[in-house]
Amino acid sequence: MSKGVLPTHVGIIMDGNGRWAVRQNKKRTEGHKAGAKNVELITNVAFSMGIKTITLFAFSSENWKRPKEEVELLFGLLKKYFKTHIKKIIKNKIKLNVMGDLEGLPEDVREIIKKQMEETKDFNDHVLNIALNYGGRAEIVKAVKTALEKGEEITEESISKNLYTYDFGEPELIIRTSGEKRLSNFMLYQSAYSEFYFTDVLWPDFNEECFKKAIDDYMNRDRRFGNINA
């Protein structure tokens with residue numbers, strides 16, 4: 001039985017699509033298709049449990065180094081996801097947010113994102129935050145530059161309030177699938193006191209039971225924030 005409180009913000013590094021495909025004797029692109037289908041399942045489970053914000057690491061600024069065919073497929077899947085699920089997102093009053101260097105995205109993807117963010121901007125019940133063309137180091141640099149442009153002194157507070165996630169709060173829990181145990185440049189500043197959950201399960205196989213197991217594990221931890229007496 002869990003003894004703690006439910007996290008309000010969970011970040012997920014969705015890793016393992018390619019390896020899943022290899023194990024299935026399929027092309028890597030098929031793994032990404034399977035992973036995309038899993039996004040709706042896990043976000044629905046999270047929101048139904050009462051978690052307010054889910055941040056998904058969908059495409060890093062380093063992912064441009066992947067084969068052109070794979071990158072094009074990833075953006076095709078993203079466009080399909082946005083177009084297919086926007087009515088459901090609006091119906092369920094979910095705020096859709098995309099963080100990262102949007103100007104570096106293909107124009108058609110950028111326009112879809114901006115339109116759907118505008119359509120859902122007034123919703124506050126739940127937030128689906130997607131990290132796209134995103135890098136944690138670049139985010140910190142951008143936050144510092146923005147603070148300086150505003151004439152603000154560089155402090156932890158001024159950096160925090162100029163991060164992409166300021167309105168959503170820092171993630172209490174970050175989950176990474178596929179067995180890798182690193183952040184890979186994901187929410188570096190925000191994760192200073194996040195709890196981490198690593199699982200060998202590949203993202204396309206990360207089902208409702210797996211997600212609830214991760215949440216239960218988090219809720220049974222003692223969070224001390226540096227206080228040995230907590």
Side-chain angles (χ1 to χ4, degrees), residues 7-17 39 43 46 51-66 71 74-75 78 82 95-107 109-110 113-114 116-118 120-121 124 126-198 203 214 218 221 223-227:
T8 58
H9 183 177
V10 176
I12 304 178
I13 302 173
M14 306 177 293
D15 196 14
N17 291 340
V39 168
T43 52
I51 295 169
K52 181 169 183 176
T53 302
I54 290 289
T55 295
L56 303 176
F57 201 5
F59 190 88
S60 79
S61 51
E62 289 83 21
N63 285 157
W64 294 105
K65 300 173 186 177
R66 294 186 177 189
V71 172
L74 284 168
F75 282 115
L78 283 165
F82 289 133
K95 180 195 293 288
L96 178 64
N97 188 73
V98 178
M99 69 176 189
D101 180 12
L102 301 190
E103 296 307 313
L105 297 174
E107 184 177 358
V109 176
R110 186 168 64 247
I113 289 170
K114 289 181 177 180
Q116 297 190 358
M117 285 175 60
E118 179 65 24
T120 63
K121 68 179 182 179
N124 290 302
H126 297 289
V127 178
L128 176 56
N129 184 38
I130 300 176
L132 194 57
N133 196 21
Y134 170 85
R137 289 178 175 176
E139 180 186 19
I140 295 170
V141 171
K142 180 179 180 298
V144 171
K145 287 183 176 179
T146 301
L148 289 172
E149 289 170 0
K150 294 177 179 179
E152 299 173 347
E153 181 184 356
I154 300 304
T155 63
E156 289 187 17
E157 182 181 2
S158 67
I159 293 174
S160 293
K161 74 178 184 180
N162 286 298
L163 294 172
Y164 293 124
T165 55
Y166 180 67
D167 292 334
F168 313 138
E170 296 179 348
E172 294 97 338
L173 173 65
I174 293 179
I175 299 169
R176 180 163 188 160
T177 60
S178 87
E180 303 294 347
K181 295 178 175 65
R182 57 180 179 271
L183 279 177
S184 295
N185 207 13
F186 181 58
M187 290 202 286
L188 300 179
Y189 196 92
Q190 299 93 322
S191 63
Y193 282 102
S194 298
E195 297 291 324
F196 299 99
Y197 182 88
F198 300 108
W203 173 247
Y218 164 83
R221 299 184 187 183
R223 305 192 73 209
R224 298 177 180 175
F225 303 97
N227 182 2

Worksheet entry | Flag side-chain contact, heavy atom, 4.5 Å: Thr155 against Ile159 | no
Worksheet item: Do you know which two heavy atoms are closest between Asn185 and Leu188, and how far apart they sit?
Response: OD1-CD1, 3.2 Å
Discussion item. I'd like to know whether Arg176 forms a side chain to side chain contact (heavy atoms under 4.5 Å, CB included) with Met14, so could you lay out the CA-CA distance, the side-chain angles of the two residues, the decisive distance to 0.1 Å, and finally the verdict.
Written reply: CA-CA 6 Å; Arg176 180 163 188 160; Met14 306 177 293; over 6 Å; no
Practice prompt. State, yes or no, whether a side-chain contact exists between Gln190 and Ser160 at a heavy-atom distance under 4.5 Å.
Written response: no
Discussion item. Quick check for you: to the nearest 0.5 Å, what is the distance between Leu183 atom CG and Ile13 atom CD1?
Written reply: 5.5 Å
Worksheet item: Is there side-chain contact between Ile12 and Trp203, with at least one heavy-atom pair below 4.5 Å?
Response: yes
Worksheet entry | Atom pair CD/OG of Glu170 and Ser194 - distance to nearest 0.5 Å | 7.0 Å
Item to complete: Could you tell me whether Glu103 and Lys114 have a side-chain N and a carboxylate O separated by less than 4.0 Å?
Response: yes
Fill in: Within 6.0 Å of CZ in Arg137, more than 12 heavy atoms from elsewhere
no
Worksheet entry | Check ion pair Lys142-Glu139 (N to O, under 4.0 angstrom) | no
Worksheet item: With side chains defined as the heavy atoms from C-beta onward, is the minimum distance between Thr177 and Phe198 less than 4.5 Å?
Response: no
Discussion item. Are more than 12 heavy atoms, taken from residues, nucleotides or ligands other than Lys65, located less than 6.0 Å from that residue's NZ atom?
Written reply: no
Worksheet item: salt bridge (Lys or Arg N to Asp or Glu O under 4.0 Å) with Glu157: which residues, sequence neighbours excluded?
Response: none
Worksheet item: Quick one: CZ on Arg66 to CG on Leu74, what's the gap to the nearest 0.5 Å?
Response: 6.5 Å
Worksheet item: Are a donor atom and an acceptor atom from the side chains of His126 and Thr53 found within less than 3.5 Å of each other?
Response: no
Worksheet item: So does Arg223 pair up with Glu172, basic N to acidic O under 4.0 Å?
Response: no
Worksheet item: Which pair of non-hydrogen atoms, one from Gly104 and one from Trp64, has the smallest distance, and what is that distance?
Response: O-CZ2, 3.6 Å
Worksheet item: What are the two closest non-hydrogen atoms of Thr8 and Ile51, and how far apart are they?
Response: O-CG2, 3.7 Å
Response to the item:
Taking every heavy atom of Ala131 against every heavy atom of Phe186, the minimum-distance pair comes out as CB-CE1, 4.3 Å
Worksheet item: Hey, which of Gln116, Arg110, Met117 is the one that makes side-chain contact (heavy atoms from CB on, under 4.5 Å) with Ile113?
Response: Met117
Worksheet entry | Side-chain touch Leu128/Leu56, heavy atoms, less than 4.5 angstrom | yes
Worksheet item: What's the shortest heavy-atom distance between Thr165 and Met187, and which atoms?
Response: CG2-SD, 4.1 Å
Discussion item. Distance check, rounded to the nearest 0.5 Å: Ile140 atom CD1 versus Tyr189 atom OH?
Written reply: 8.0 Å
Discussion item. Does any part of the side chain of Val10, heavy atoms only, come nearer than 4.5 Å to the side chain of Ile175, both counted from C-beta?
Written reply: yes
Practice prompt. Check the pair Ile130 / Phe59 against side chain to side chain contact (heavy atoms under 4.5 Å, CB included), numbers first and verdict last.
Written response: CA-CA 9 Å; Ile130 300 176; Phe59 190 88; over 6 Å; no
Practice prompt. Any chance you could measure Asp15, atom CG, to Ser184, atom OG, to the nearest 0.5 Å?
Written response: 7.0 Å
Worksheet entry | Leu132 side, atom CG; Leu78 side, atom CG - distance, nearest 0.5 Å | 5.5 Å
Item to complete: Kindly give the heavy-atom pair with the smallest separation between Asn124 and Lys52, and that separation in Å.
Response: O-CE, 2.9 Å
Practice prompt. Examine distances only and state if a side-chain atom of Asp101 and a backbone atom of Asn133 form a donor-acceptor pair shorter than 3.5 Å.
Written response: no
Practice prompt. Compare all side-chain heavy atoms of Met99 with those of Thr55 and state whether any distance is below 4.5 angstrom.
Written response: yes
Fill in: Donor on one side chain, acceptor on other, Thr146 and Asn162, under 3.5 Å
no
Fill in: Pairs flagged by ring-ring contact (aromatic ring centres under 6.0 Å, His included) wherever residues 127-154 is involved - sequence neighbours left out
Phe57-Tyr134
